[in-house]
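Both backbone and side-chain heavy atoms feed into the values below; hydrogens, waters and symmetry mates do not. What you are looking at is a predicted structure, and each value in this text was computed from that prediction instead of being measured.
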Amino acid sequence: MKMTAALMEKLLRLAEGNALPSSSLRGDMFERMQADGILVAITHGSRKSLRVCDLGVFREYLADVYDIRDLEATHELLRQGGVERATQVELTGDSKFAPSRTFTGFLVNSYQPIDAVLAGRAISIFPPEGSFVFIADYQHFSIPEDVTVIGMENAENFRHVERQRHLFAQYQKVLFVSRYPQNQSKDLLAWLSLIPNRYVHFGDFDLAGINIFLSEFHRHLGGRASFLIPSDIEQRLANGSRKRYDDQYAKFHDLHCDIPELQALIHLIHQHHRGYDQEGYIDK
């Protein structure tokens with residue numbers, strides 16, 4: 001039986017001496033408890049309830065059979081979620097007892113030193129070529145307000161930021177963040193929501209790429225977020241991928257927004273019936 005906060009609540013009520021309807025105590029765990037004499041049935045006419053025979057034995061049984069050594073603490077562990085695995089081992093002996101993301105945070109990169117503060121300590125973001133910095137404690141990570149955050153949709157662009165710096169000449173200081181791996185994207189958005197900095201999204205120039213920006217970033221960040229549109233994008237689109245456009249058309253053909261420059265880009269994509277991948281802007 002899967003260990004959940006709701007299950008722990010039932011076990012807590014039983015541990016407090018309460019009788020619970022048998023209809024709410026179904027599954028292998030409770031069938032075994034009845035077979036082992038830990039739970040006994042109480043009938044009230046057509047209704048049947050279950051209660052614990054001996055409260056002390058009940059807690060010893062949970063510890064021996066199900067590794068639930070502290071019922072109250074285990075309930076709180078499951079209720080909160082995201083508890084460190086070391087705590088899970090202490091309470092249950094199993095580091096995977098409750099779902100937990102070990103690596104929370106996101107990757108950052110820069111082609112120039114960027115001053116930052118992480119957990120109260122001053123640091124400089126300027127990783128050597130071919131490496132990145134992973135910010136795990138993003139809740140306590142801050143950068144100066146004059147730094148523009150550039151969100152990279154694709155991994156290759158994020159790796160080779162130096163070879164694209166001509167695209168960002170208008171920004172005095174830039175810090176690049178990666179949207180991938182996607183299971184980190186909520187951490188990235190949570191951090192962006194905490195800081196006042198301007199956010200510029202650099203993604204694929206197709207309908208799906210624009211939808212990612214609108215639904216995942218602009219929706220939450222509002223006017224602080226913009227979509228990077230290079231000056232030569234129409235020329236690039238003219239030589240882009242027709243297949244990319246055709247594959248996305250059914251799902252995104254009615255995509256529109258109230259941002260004039262972005263709506264103009266959507267119009268160009270429909271006009272040329274093509275999309276263009278951002279990797280094309282990496283200097284060879």
**Parallel, tilted or perpendicular: rings of Y276 and F205 (30°, 60°)** =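 Taking Y276 first and then F205, their aromatic rings sit tilted (interplane angle of 30° to 60°).
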**Message:** Over 60° means perpendicular and under 30° means parallel, so tell me whether H201 and F217 are parallel, tilted or perpendicular.
**Reply:** tilted
**Message:** To the closest 0.5 Å, what do you measure between NE2 (H75) and CG (L7)?
**Reply:** 10.0 Å
**Asked** Rounded to the nearest 0.5 Å, what separation is found between the CZ atom of R69 and the CG atom of D64?
**Response**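 One finds 10.0 Å between CZ of R69 and CG of D64.
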So, does [X] use its side chain to make a donor-acceptor pair with the main chain of [Y] at under 3.5 Å?
X    : Y    : value
E153 : R179 : no
Q263 : D258 : no
D206 : G209 : yes
E279 : E156 : no
D54  : V57  : yes
K251 : Y249 : no
K10  : S24  : yes
H256 : D254 : yes
Q164 : H160 : yes

**Request:** Answer yes or no: is there an ion pair linking D28 with R32, defined by an N-O contact shorter than 4.0 Å?
**Result:** no
**Message:** Closer than 4.0 angstrom, basic N to acidic O: yes or no for E16 and R13?
**Reply:** no
**Heavy-atom neighbours of Q170 CD exceed 12 at 6.0 Å** = yes
Sequence neighbours excluded and cut-off under 3.5 Å, please list the side-chain donor-acceptor pairs for residues 112-133, or say none.
unit_1: Q112; atom_1: OE1; unit_2: V174; atom_2: N; d: 3.0
unit_1: S131; atom_1: OG; unit_2: P128; atom_2: O; d: 2.7

Heavy-atom side-chain proximity of [X] to [Y] below 4.5 angstrom:
X    : Y    : answer
V177 : M152 : no
L62  : T74  : no
H44  : S49  : yes
N18  : L12  : no
L71  : M8   : yes
F213 : F202 : no
L39  : L14  : yes
I42  : R47  : no

Contact summary for [X] and [Y], nearest pair of heavy atoms:
X    : Y    : value
R244 : D204 : NH1-OD2, 4.1 Å
Y138 : W191 : O-CD1, 3.2 Å
N197 : V147 : ND2-O, 2.9 Å
L237 : R274 : O-CD, 3.2 Å
V161 : Y111 : O-CD2, 3.6 Å
F158 : F176 : CE1-O, 3.6 Å

**Asked** With R219, which residues qualify under salt bridge (Lys or Arg N to Asp or Glu O under 4.0 Å), at least two apart?
**Response**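 In terms of salt bridge (Lys or Arg N to Asp or Glu O under 4.0 Å), with neighbours along the sequence ignored, R219 is linked to no residue.
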**Message:** A cation-pi test, strictly: NZ or CZ of R224 under 6.0 Å from the centre of the six-membered ring of Y199 and no more than 45 degrees from its axis. Yes or no?
**Reply:** no
**Item:** Chi angles and distances behind the ring-ring contact (aromatic ring centres under 6.0 Å, His included) call for Y245, H270
**Value:** CA-CA 8 Å; Y245 176 82; H270 286 307; 5.7 Å; yes
**Step-by-step side-chain contact (heavy atoms from CB on, under 4.5 Å) determination, D137 to T104** = CA-CA 8 Å; D137 188 11; T104 58; over 6 Å; no
**Message:** For the residue pair Y171 / D146, report whether a side-chain donor-acceptor contact shorter than 3.5 Å exists.
**Reply:** no
**Message:** For a side-chain contact (heavy atoms from CB on, under 4.5 Å) check, start with the C-alpha distance between E234 and H272, then their side-chain angles and the critical distance, and finish with the verdict.
**Reply:** CA-CA 9 Å; E234 183 169 10; H272 292 281; 3.4 Å; yes
**Partner residues of H140 under the ring pair (Phe, Tyr, Trp, His ring centres under 6.0 Å) criterion, sequence neighbours left out** =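 Partners of H140 under the ring pair (Phe, Tyr, Trp, His ring centres under 6.0 Å) test: none.
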